[in-house]
Amino acid sequence: MIWDFYGPNAEAIAKHHEKHVGEFAISECLETVTTGTSKIVDGHYMAFMIVPNEQVMHLREILKPHRGQRYFPEN
């Protein structure tokens, strides 16, 4: 799940959003999630949450991400 933020404060907002997404994961006892932030280009940052496929539909309705994509971890 991905949330996009734009503008001069995008990095700070993305980091703040990631904090809240992480707190949500803890409060809901979601043990298999990963959160983080990433710079796309200057002025565009994203906060993300990686969740197991079986949880996507449920969490998508609750958290309302801007977009999503499949994630395949490197082995």
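- Separating the CD atom in Glu23 from the OG1 atom in Thr35 is a distance of 10.0 Å, to the nearest 0.5 Å.
- With values rounded to the nearest 0.5 angstrom, Leu63 atom CG is found 8.5 Å from Glu28 atom CD.
- A distance of 10.0 Å separates OH in Tyr45 from CD1 in Ile40, rounded to the nearest 0.5 Å.
- Between atom NE2 of residue His58 and atom CG of residue Leu30 there is a gap of 8.0 Å, rounded to the nearest 0.5 Å.
- Considering only heavy atoms from C-beta on, Met49 comes within 4.5 Å of Trp3 through its side chain.
- The shortest non-hydrogen separation linking Ala14 to Ala47 is O-CB, 3.6 Å.
- For the pair Met46/Arg67, a side-chain contact is recorded, criterion being any heavy-atom separation below 4.5 Å from C-beta on.
- In this structure, OG in Ser38 is found 11.0 Å from CD in Glu18, a value given to the nearest 0.5 Å.
- Applying the 6.0 Å contact sphere to CD of Glu54 captures more than 12 heavy atoms from other residues, nucleotides or ligands.
- In the hydrophobic clustering of this structure, Val56 groups with Ile62; members are Ile, Leu, Val, Met, Phe, Trp, Tyr whose side-chain heavy atoms approach within less than 4.5 Å, directly or through other members.
- Thr32 is not listed as a side-chain neighbour of Val51, based on a closest heavy-atom distance of 4.5 Å or more.
- Distance NZ/Lys19 to OG1/Thr37: 14.0 Å, rounded to 0.5 Å.
- Taking each heavy atom of Ala10 and Gly43 in turn, the nearest pair found is CB-O, 3.9 Å.
- Annotation for Met1 and Pro65: closest pair CB-CB, 3.8 Å, computed over non-hydrogen atoms.
- Phe5 has its ring centre no less than 6.0 Å from the ring centre of His44.
- Considering only heavy atoms from C-beta on, His66 stays 4.5 Å or farther from Ile2 through its side chain.
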